[in-house]
Amino acid sequence: MTPSEPPAIDLAHPRLLRERQGVEPTTSTELFFDLVFIFTVTQLSHYLIEHPDWRGAGRTALLLALVWFVWVYTTWVTNWLHPDQGPVRAMLIGVTLGSLLLSAAIPQAFAGTGLLFAAVYVTVQVGRTMFGLWATRGSPWLVAGFQQSLPWIAGTSVLVVLGGLVGGAAREALWAAVIVLEVVGLSIGYPIPGRGRSRPERWLVEGGHLAERCAAFVLIALGESILVTGSTLTRHVDLVTSGAFLVAFAGSVALWWVYFARSAPAATEVIARAGERTGALSRLAFNYLHPVMVAGIVVTSAGDERLLREPGAPATMVSALFTLGGPALFLAGHAAYKAVLWRGLPASRIAAVVVLLALIPACERLGVTVVGCAVLATVVTVAVIMTDRLRVRRGAR
């Protein structure tokens with residue numbers, strides 16, 4: 001059987017063929033699954049807010065990466081399977097429950113709930129992969145992918161559990177090793193002695209669906225950022241905090257505009273028409289680059305909380321890093337995303353990242369207020385938007 005042939009069973013029905021039959025790209029089951037991750041991003045933002053140092057930032061990054069693996073691997077599975085078929089829906093509900101428990105364990109993941117976090121992570125990752133093996137039986141090119149990935153996921157699961165059993169720096173090192181192994185394993189196709197590796201050109205992927213799902217996650221993260229600023233505003237409402245809220249809201253709108261105004265629909269079309277490159281392109285664009293943008297939103301959200309709490313205070317290095325570094329991280333991820341898809345140099349985004357990073361020590365040294373830093377971050381992001389619009393107009397002429 002070749003990758004272009006139709007699958008043998010109903011559960012393993014590639015999304016590309018489903019769309020030809022008029023099935024909606026994203027189902028209500030998938031959207032229900034996404035709801036949990038509003039809570040997840042909130043937990044990550046609060047963790048960073050409560051641990052505003054380099055170690056806290058590193059731990060937040062580790063937790064975000066592990067949570068992202070749960071979400072994005074599940075999204076790949078629903079790219080291949082019918083989310084509204086009974087067994088697949090039951091699997092998704094189980095993963096949703098596991099993701100909720102995983103999110104609840106985030107605040108103390110490097111303390112008392114570390115083993116719970118590890119146990120739930122392993123259960124979800126291994127259980128979903130074994131379900132994929134069962135659901136795709138009769139579809140050799142899909143079964144092979146799950147067969148390749150299962151030993152790697154089982155191996156990293158051992159490290160996750162070991163990390164949950166130890167503490168301190170050992171837990172951080174083991175969970176960091178898990179992330180490295182996951183990235184390397186997927187990059188080289190999960191090679192197994194005697195079986196070779198899984199080649200992305202043989203993955204039957206509907207890239208438009210993956211693009212739509214990842215865009216939905218970015219929207220979830222942005223919504224959580226607005227939720228954090230709104231909940232912080234309600235604690236103390238006056239003219240100053242209301243003005244700071246408007247600045248934070250404008251910053252969220254600017255990030256949304258950068259991603260969704262033109263790039264999101266255009267990226268969906270590019271990936272959907274990538275042919276044999278779709279698998280490799282999706283792996284890089286969605287598995288590796290989108291969590292960078294999400295991390296930028298999480299950091300920005302922490303900066304917005306500090307902005308509303310002390311808008312007139314002089315910016316410290318921490319507040320400047322949050323307020324200016326968050327948008328810089330988001331724009332860096334989006335610059336890489338555009339470069340991968342369009343094979344060009346996104347000069348405006350690169351320039352904006354350089355400017356934002358240069359402003360971090362400058363704002364601290366010059367005593368710029370926190371709200372002043374937020375205004376500068378928004379101005380730089382809006383400059384990227386205006387540059388995009390001017391480029392489009394020149395192209396139209």
Side-chain angles (χ1 to χ4, degrees), residues 36-73 98-125 156-184 217 220-221 224-225 228 287-306 309 316-330 332-333 360:
V36 171
F37 291 89
I38 301 174
F39 177 52
T40 305
V41 177
T42 300
Q43 292 284 74
L44 290 169
S45 297
H46 286 168
Y47 188 89
L48 182 59
I49 290 168
E50 293 170 7
H51 302 84
D53 52 30
W54 289 112
R55 190 173 192 180
R59 287 179 167 183
T60 305
L62 289 176
L63 294 171
L64 172 60
L66 292 172
V67 167
W68 180 259
F69 289 150
V70 170
W71 183 86
V72 78
Y73 286 172
S99 302
L100 185 60
L101 293 172
L102 202 67
S103 303
I106 283 176
Q108 297 296 318
F110 290 94
T113 61
L115 186 57
L116 172 63
F117 184 94
V120 174
Y121 177 87
V122 168
T123 301
V124 170
Q125 293 292 78
T156 56
S157 295
V158 173
L159 295 180
V160 173
V161 173
L162 288 176
L165 291 171
V166 299
R171 179 174 298 175
E172 296 167 5
L174 284 168
W175 286 1
V178 169
I179 294 166
V180 171
L181 288 173
E182 288 283 1
V183 171
V184 171
F217 199 98
I220 285 170
E224 186 280 334
S225 177
V228 166
N287 286 50
Y288 301 155
L289 297 182
H290 267 73
V292 177
M293 287 182 269
V294 173
I297 297 172
V298 170
V299 175
T300 302
S301 177
D304 289 343
E305 192 273 345
R306 184 161 292 219
R309 193 153 40 88
T316 62
M317 179 57 72
V318 172
S319 58
L321 277 169
F322 283 172
T323 307
L324 295 162
L329 187 57
F330 177 89
I360 292 173

Calculate, to the nearest 0.5 Å, the distance between atoms NE2 and CD1 belonging to His46 and Ile106 respectively. 11.5 Å
Distance-minimising heavy-atom pair for Gly333 and Met293: C-CG, 3.8 Å
So which heavy atom on Ala119 is nearest to which on Thr123, and how close? O-OG1, 2.8 Å
So, using side-chain hydrogen bond (donor to acceptor under 3.5 Å, both in side chains) as the criterion, who are the partners of Tyr47 when residues are at least two apart? none
Determine whether Trp54 and Leu321 satisfy the following criterion, side chain to side chain contact (heavy atoms under 4.5 Å, CB included), listing intermediate values before the conclusion. CA-CA 11 Å; Trp54 289 112; Leu321 277 169; 3.9 Å; yes
Would you please test Phe330 and Thr300 for side chain to side chain contact (heavy atoms under 4.5 Å, CB included) and show each step? CA-CA 9 Å; Phe330 177 89; Thr300 302; 5.6 Å; no
Take Leu102 and Val124 through the test side chain to side chain contact (heavy atoms under 4.5 Å, CB included) and record every step on the way to the result. CA-CA 10 Å; Leu102 202 67; Val124 170; over 6 Å; no
Beyond-backbone contact of Tyr73 with Glu182, side-chain heavy atoms, under 4.5 angstrom: yes
Would Gln125 and Ser157 count as having a side-chain donor-acceptor pair, cut-off 3.5 Å? no
Kindly write out the residues that satisfy side-chain hydrogen bond (donor to acceptor under 3.5 Å, both in side chains) with Glu305, not counting sequence neighbours, or none if the list is empty. Arg309
Would you check if Pro52 and Arg306 make a side-chain contact, meaning some heavy-atom pair closer than 4.5 Å? yes
Tell me, do Met317 and Ile360 make a side-chain contact under 4.5 Å, heavy atoms counted? yes
Suppose we screen for side-chain hydrogen bond (donor to acceptor under 3.5 Å, both in side chains). Which residues come up paired with Ser99, at least two apart in sequence or across chains? none
Checking Ser103 now: which residues fulfil side-chain hydrogen bond (donor to acceptor under 3.5 Å, both in side chains) with it, not counting sequence neighbours? Thr40
Can you find a pair of side-chain heavy atoms, one from Asp304 and one from Thr323, that are under 4.5 Å apart? no
Pair Phe322, Ile49 - check side chain to side chain contact (heavy atoms under 4.5 Å, CB included), show working. CA-CA 9 Å; Phe322 283 172; Ile49 290 168; 5.7 Å; no
Restricting to non-hydrogen atoms, name the atom on Thr113 and the atom on Ala109 that form the minimum distance, rounded to 0.1 Å. OG1-N, 3.4 Å
Thr42 and Ser45 side chains, donor-acceptor separation under 3.5 Å: no
State yes or no: are the ring centers of Phe117 and Trp175 separated by less than 6.0 Å? yes
Which heavy atom of Leu162 sits nearest to which heavy atom of Leu174, and what is that distance? C-CD1, 3.7 Å
So the salt bridge (charged side-chain N to carboxylate O under 4.0 Å, His left out) pairs with at least one residue in residues 156-180 (sequence neighbours excluded) are Arg55-Glu172, Arg59-Glu172
What residues form a ring-ring contact (aromatic ring centres under 6.0 Å, His included) with Phe217, not counting sequence neighbours? Phe37, Trp68, Trp71
Which atom of Leu159 lies closest to which atom of Ala177, heavy atoms considered: CD1-CB, 4.5 Å
Side chain to side chain contact (heavy atoms under 4.5 Å, CB included) with Tyr121: which of Thr156, Leu66, Val161? Leu66
What's the separation between atom OG in Ser301 and atom CG in Leu48, rounded to the nearest 0.5 Å? 9.0 Å
Closest non-hydrogen atom pair between Ile179 and Ala65, with its separation: CD1-CB, 3.5 Å
